[in-house]
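Letters A, B, ... are given to chains in the order of the sequence lines, protein chains preceding strands, and every chain is numbered from 1.
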Number of protein chains: 2
Amino acid sequence: MKERLERIKEQLHTSGYKLTPQREATVHVLLENEEDHLSAEDVYLLVKVKSPEIGLATVYRTLELLSELKVIHKINFGDGVARFEFRAENAEHHHHHLICIQCGTVDEIEEDLLEEVEQVVEQDFNFKIVDHRLTFHGTCHRCQS
Amino acid sequence: MKERLERIKEQLHTSGYKLTPQREATVHVLLENEEDHLSAEDVYLLVKVKSPEIGLATVYRTLELLSELKVIHKINFGDGVARFEFRAENAEHHHHHLICIQCGTVDEIEEDLLEEVEQVVEQDFNFKIVDHRLTFHGTCHRCQS
DNA sequence: CTGTGTGCAAAGGGTTTGCAGGTCT
DNA sequence: AGACCTGCAAACCCTTTGCACACAG
């Protein structure tokens, strides 16, 4: 946890930005809720608990900044709000999501699973793949009863 | 083309709706630009060419209606606007998209490609899949030079 | 006459931006 | 002083909604 914060601080400094108290509080919330796919508003409300003076705009600006630095990833599940998650440090692509249509929970699949499919696409369509998004919609193991 | 319009007219009637001139004009535009993934605004502007009196709200309402009837599919590529495409008549899932990061063109892949992957997910995660979304981001064959 | 459908304008929700301070060097 | 950063409010964009009117059954 601490090391990751330090790492992010360095990334900011390298690009000429500071780790202000507001930014630190925002990163802290993201780290504490890493598996939750928070929206900007979610992050804002959570940051406010410990830093009530923070403004929504600052949270948006911080999230945008972290996205630019590729620290986090902005994802969109089609419900009208952007959500954010940490980027895997080394992963070429990010992981996949399982969205439960009953309870709304978003689980993750770490495996890639798509290597064969990507080969087919690159060959058959002459399309140079940079990234992919794969989402499954269905019923999660918790809601099957 | 004509038959498809008739078909849609019947689907509307079955559900208690009428094929008004505005709805017909909207469907017409969708049919004429089937491979273009139009946004609501795009549809509106195109409909306006032949039916200048139409209102944007009507287009939105028509698109929502057609989505409910499962005639079209609302898709979201993460750029902040909803886009629409016809549903494959028999396909269990819809197809996949190749989005070019240079020219922005969206091509389609008709094949499923994911049957094996789905089996893995259903078994390993005990997740009952209803639908999936797969998008590749990269460089299309036209932009590779 | 009742219900559905329409156009317009207003409201709505999420996100971005302009601006006047504020902070750190 | 200068550059960066912040909070607030206003602006923005896409989409939805309220309302009065139009039209068909």
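Judged by distance alone, with hydrogens and angles left aside, the side-chain atoms of A:Thr14 form a donor-acceptor pair with the main-chain N or O of A:Glu10 at under 3.5 Å. Within the 3.5 Å criterion, the main-chain N or O of A:Thr58 finds no donor-acceptor partner in the side chain of A:Gln22. Not one N or O on the side chain of B:Asp36 forms a donor-acceptor pair closer than 3.5 Å with the backbone of B:Leu38. Looking at A:Arg133, its side chain never comes within 3.5 Å of a backbone N or O of B:Leu134 through a donor-acceptor pair. Side-chain N or O atoms of B:His96 include one that pairs as donor or acceptor with a backbone N or O of B:Asp112 at under 3.5 Å. Side-chain atoms of A:Ser51 never come within 3.5 Å of backbone atoms of A:Ile54 as a donor-acceptor pair (strictly under, hydrogens ignored).
An OP1 or OP2 oxygen of C:dT6 is reached within less than 4.0 angstrom by a side-chain nitrogen or oxygen of B:Thr20. Between B:Thr58 and C:dG7, a side-chain N or O to OP1/OP2 separation shorter than 4.0 Å is present.
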**Message:** Determine whether A:Gln11 and A:Val71 satisfy the following criterion, side-chain contact (heavy atoms from CB on, under 4.5 Å), listing intermediate values before the conclusion.
**Reply:** CA-CA 9 Å; A:Gln11 283 185 264; A:Val71 171; 3.7 Å; yes

**Message:** Checking B:Arg83 against B:Phe77 for the side-chain contact (heavy atoms from CB on, under 4.5 Å) test, could you report, in this order, the C-alpha distance in whole Å, the side-chain angles of both residues, the deciding distance, and whether it holds?
**Reply:** CA-CA 8 Å; B:Arg83 296 176 183 281; B:Phe77 293 139; 3.6 Å; yes

**Message:** Pair B:Lys18, B:Glu24 - check salt bridge (charged side-chain N to carboxylate O under 4.0 Å, His left out), show working.
**Reply:** CA-CA 10 Å; B:Lys18 302 165 195 167; B:Glu24 182 168 345; over 6 Å; no

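Sorted by residue number, the list of members of residues 25-35 of chain A with any non-hydrogen atom under 4.0 Å from DNA chain C is empty. Contacts between residues 60-71 of chain B and DNA chain C, defined by a heavy-atom separation below 4.0 Å, involve B:Arg61, listed by number. Of the residues in residues 36-50 of chain B, none lies under 4.0 Å from DNA chain C by heavy-atom distance.
Not counting sequence neighbours, A:Glu116 has no partner by the salt bridge (charged side-chain N to carboxylate O under 4.0 Å, His left out) test. Evaluation of the salt bridge (charged side-chain N to carboxylate O under 4.0 Å, His left out) rule for B:Glu68 yields no partner, not counting sequence neighbours.
The interatomic distance linking A:Glu53 (CD) with D:dC8 (P) rounds to 9 Å, in whole Å. Atom CD of A:Glu24 and atom P of D:dT6 are 12 Å apart (whole Å). Straight-line distance from the CD atom of B:Gln22 to the C1' atom of C:dG7: 9 Å, rounded to whole Å. Between the P atom of D:dC14 and the CG atom of A:Asp79 lies a distance of 18 Å, rounded to the nearest Å. If you take CG of B:Leu56 and C1' of C:dC8, they are 11 Å apart, rounded to a whole angstrom.
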Between N or O atoms, less than 3.5 Å apart, protein on one side and nucleotides 21-25 of chain C on the other: list the pairs.
none

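Comparing D:dC14, C:dG14, C:dG5 against the side chain of A:Val81 picks out C:dG14 as the nearest. Of the candidates C:dC8, D:dC8, C:dG5, the closest approach to any side-chain atom of B:Tyr17 belongs to C:dG5.
A donor-acceptor contact closer than 3.5 angstrom links the side chains of A:Glu85 and A:His95. A donor-acceptor contact closer than 3.5 angstrom links the side chains of B:Glu118 and B:His132.
The six-membered or imidazole ring of B:Phe84 lies away from that of B:His73, with a centre-to-centre distance of 6.0 Å or more.
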